[in-house]
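A quick write-up on the structure given underneath.
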Amino acid sequence: MSALFIPLGVIGPWQIVLIVVIVLLLFGGKKIPELMRGLGSGLKEFKDASKEESTDTKIDDTK
């Protein structure tokens, strides 16, 4: 199991550059903004849903 664990200290600037280049090659420059918008809206919906869940549990606890 320890072989699958990758600490964050291992990822350096060259690895990040390599990941960015691979993403650009796979998706192209025109698709990247669309993908990021979708990712951002998905994260926003997740945050909103988690806030609703926490307020629902607080209301149930007070009853």
Side-chain angles (χ1 to χ4, degrees):
M1 178 141 166
S2 63
L4 296 176
F5 178 70
I6 300 175
L8 292 176
V10 173
I11 298 175
W14 289 110
Q15 287 84 5
I16 294 173
V17 169
L18 182 64
I19 291 169
V20 169
V21 168
I22 290 171
V23 167
L24 281 173
L25 289 174
L26 288 176
F27 297 108
K30 293 181 181 181
K31 279 286 205 180
I32 299 296
E34 183 180 326
L35 290 171
M36 292 300 112
R37 272 193 294 273
L39 181 64
S41 65
L43 286 174
K44 184 179 177 184
E45 289 178 20
F46 179 75
K47 283 182 182 180
D48 292 342
S50 65
K51 284 181 184 177
E52 286 178 11
E53 180 67 29
S54 66
T55 57
D56 289 344
T57 56
K58 286 180 185 178
I59 291 171
D60 291 341
D61 289 342
T62 57
K63 288 184 179 179

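Only heavy atoms go into these numbers, but all of them, side chains included; no hydrogens, no water, no symmetry mates.
The side-chain contact (heavy atoms from CB on, under 4.5 Å) search around Leu25 returns Val21, not counting sequence neighbours.
Note on Leu24: it clusters hydrophobically with Leu26, by side-chain heavy-atom contacts below 4.5 Å among ILVMFWY residues.
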Distance-only check: which donor-acceptor pairs under 3.5 Å involve side-chain atoms of residues 33-46, not counting sequence neighbours?
from  : atom 1 : to    : atom 2 : distance (Å)
Ser41 : OG     : Arg37 : O      : 3.3
Ser41 : OG     : Gly38 : O      : 3.0

